Amino acid sequence: MIVLGIETSCDETAAAIVEDGQIILSSVVSSQVSVHKPFGGVVPELASRKHLEAIVPVVENALADACLQKRHVDGIAATQGPGLVGALLVGFSFAKSMAYGLNVPLVGINHLEAHINSVFLESEHPSFPFISLLVSGGHTAVYYVQSHTTYDMMGQTRDDAAGEAFDKVSKMLGLGYPGGIVIDRLSKEGSAEKIKFPRAYLDKDSYDFSFSGLKTSVNRYIQMNPETYKNHIPDIAAGFQEAVVEVLCFKAIHAAAAKGCQAIAVVGGAAANSRLNMKIRQDAQKKGIDVYIPSLSLCGDNAAMVAAAGFHHLKRGETCPREADVYSRAT
Ligand code: KG4
Ligand code: ZN
């Protein structure tokens, strides 16, 4: 089954062609980073306008890269939520009309389910059941995954998402947007031992996260050292990153042990973090747990993961009605 995936939930316009939920025939991602950079974060209205400009060429390029034509598409999967409503509307409405025009089925996909399925686009992937640690700009959660479309959320962030905390701390340090990749790079030049920021484990048996206290603590450090903090930004970045990574690793491994799972997948934009990659592999190995992290292009928002998730719904005949609407929040 050839599925066209469409993703426009935030600041990436993406389209991909995936065969049988696993083989990527093409994946096109048009990033809006340069548009939002001067504002230090995503401006929703600008995001919608840029999606409108990009959606047609991005879908055309995805078909061309796969050496396919519209008539070869067996079904369409488009992100329905959660995300920015105006942004989602562009991709979802486009997908609806294309599915109607081609007379093929359409399924609306939960963006978080798409991230969970991103790990199956790699040849080495976990067997069910496994734990999925989802770390993105909008969400941070731990899932117990039983099938491609069945998963229970064991815990989630009570305030900022992990990626969001990276972005906010980067802004405080004057390092710009998006922050995750800059903090990741700068941390390698600093020491995580010099400044010890707090770790919010909450209740040790809870799989919930909280990063706002850590963010406030970095802010307080900057305010208390207004002249000198600029001399050791790599140490601040490394200290902050370590505090986030330690808690993420602890909770994911704790969840795997509690559910008797042999595998953990780390997905979402912040799964690209090099320290998280290293530490979760080291910590999990000690417990005999395997770790699966998709390649960089599949960690950040993309449409291949939407098509992969869509395949499993479409093959069971699950489609969405024409009056279906987008949603901003995960329910
Ligand atoms: O999944 P994603 O592309 O979009 C959402 O669904 O939110 O995630 C984007 C987030 C941003 O907050 C970005 O700063 C973070 O992923 N990110 C990173 C790294 N690369 C991207 N965070 C930490 N380390 C990185 N290397
Ligand atoms: Zn995402």
Side-chain angles (χ1 to χ4, degrees), residues 5-14 16 27 29-33 36-37 40-42 44 47 51 78-84 87-88 91 109-119 132-141 143 156-157 159-173 175-188 192 209 211 214-215 237-238 240-249 265-280 293-306 308-309 328-330:
I6 293 178
E7 155 66 38
T8 62
S9 67
C10 189
D11 59 345
E12 263 97 22
T13 317
S27 180
V29 180
S30 167
S31 170
Q32 303 177 357
V33 163
H36 302 290
K37 213 180 177 71
V42 178
H51 284 310
T79 308
Q80 193 174 358
L84 302 170
L88 286 162
I109 296 296
N110 178 307
H111 183 76
L112 310 176
E113 183 177 307
H115 273 300
I116 291 172
N117 275 279
S118 65
V119 77
S132 187
L133 172 66
L134 167 68
V135 275
S136 76
H139 301 88
T140 295
Y143 295 93
Q156 64 177 326
T157 184
D159 37 62
D160 292 341
E164 187 181 1
F166 272 89
D167 293 334
K168 287 179 176 168
V169 166
S170 172
K171 204 170 176 178
M172 281 175 208
L173 293 171
L175 303 173
Y177 166 88
I181 197 153
V182 189
I183 294 203
D184 190 349
R185 184 166 39 78
L186 268 179
S187 295
K188 294 190 178 119
F209 302 91
F211 296 110
L214 170 60
K215 183 188 66 186
F240 158 76
Q241 177 176 268
E242 199 62 20
V244 175
V245 167
E246 242 180 65
V247 178
L248 291 175
C249 293
V266 189
V267 298
N273 185 268
S274 57
R275 178 64 188 142
L276 175 59
N277 262 259
M278 188 192 286
K279 188 165 168 55
I280 199 154
I293 304 178
S295 46
L296 281 187
S297 59
L298 292 170
C299 287
D301 286 347
N302 66 87
M305 64 185 191
V306 179
S328 63
R329 290 177 165 273

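In this text, all values refer to a predicted model and were calculated from it rather than measured experimentally. Both counts, for ligands and for their atoms, begin at 1 and track the order of listing.
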Q.
Has His51 got a side-chain atom pairing as donor or acceptor with Cys10's backbone, closer than 3.5 angstrom?
A.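 Looks like yes, one N/O pair under 3.5 Å.
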Q) Taking NZ, NE, NH1 and NH2 as the nitrogens, is one of them in Arg275 or Glu242 under 4.0 Å from a carboxylate oxygen of the other? A) yes
Q: Can you list, by chain and residue number, the protein N, O or S atoms under 2.8 Å from the Zn ion (ligand 2)?
A: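 Hits for the Zn ion (ligand 2) below 2.8 Å: His111 NE2, His115 NE2, Asp301 OD1.
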Considering only heavy atoms from C-beta outward, does the side chain of [X] approach that of [Y] to under 4.5 Å?
| X | Y | value |
| --- | --- | --- |
| His111 | Met305 | yes |
| Asp160 | Leu214 | no |
| Asp301 | Val29 | no |

Ligand-protein N/O pairs under 3.5 Å (ligand 1):
| residue | atom | partner | partner atom | Å |
| --- | --- | --- | --- | --- |
| ligand 1 | 1 (O) | His115 | NE2 | 3.3 |
| ligand 1 | 1 (O) | Gly269 | N | 3.0 |
| ligand 1 | 1 (O) | Asp301 | OD1 | 3.2 |
| ligand 1 | 3 (O) | Asp301 | N | 3.1 |
| ligand 1 | 4 (O) | Asp301 | OD1 | 3.4 |
| ligand 1 | 4 (O) | Asp301 | OD2 | 3.1 |
| ligand 1 | 6 (O) | His111 | NE2 | 3.2 |
| ligand 1 | 6 (O) | Asp301 | OD1 | 3.2 |
| ligand 1 | 6 (O) | Asp301 | OD2 | 3.4 |
| ligand 1 | 7 (O) | Gly137 | N | 2.8 |
| ligand 1 | 7 (O) | Gly138 | N | 3.1 |
| ligand 1 | 8 (O) | Gly137 | N | 3.3 |
| ligand 1 | 12 (O) | Gly163 | O | 3.1 |
| ligand 1 | 12 (O) | Asp167 | OD2 | 2.7 |
| ligand 1 | 14 (O) | Asp167 | OD1 | 2.7 |
| ligand 1 | 14 (O) | Gly180 | N | 3.1 |
| ligand 1 | 16 (O) | Ala270 | N | 3.4 |
| ligand 1 | 24 (N) | Gly180 | O | 3.4 |
| ligand 1 | 24 (N) | Asn273 | ND2 | 3.0 |
| ligand 1 | 26 (N) | Asp184 | OD2 | 2.9 |

(Q) With a sphere of 6.0 Å drawn around NZ of Lys279, does it hold more than 12 non-hydrogen atoms of other residues, nucleotides or ligands? (A)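 Above 12, so yes.
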Q: On the 0 to 90° scale, with breaks at 30° and 60°, tag the Phe211-Phe209 ring pair as parallel, tilted or perpendicular.
A: parallel
Q: For the residue pair Ser30 and Gln32, confirm or rule out a side-chain donor-acceptor distance under 3.5 Å.
A: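 No pair is found: no donor N or O on one side chain lies under 3.5 Å from an acceptor on the other.
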(Q) With rounding to the nearest 0.5 angstrom, report the OG to CD distance, Ser136 to Glu164. (A) 9.0 Å
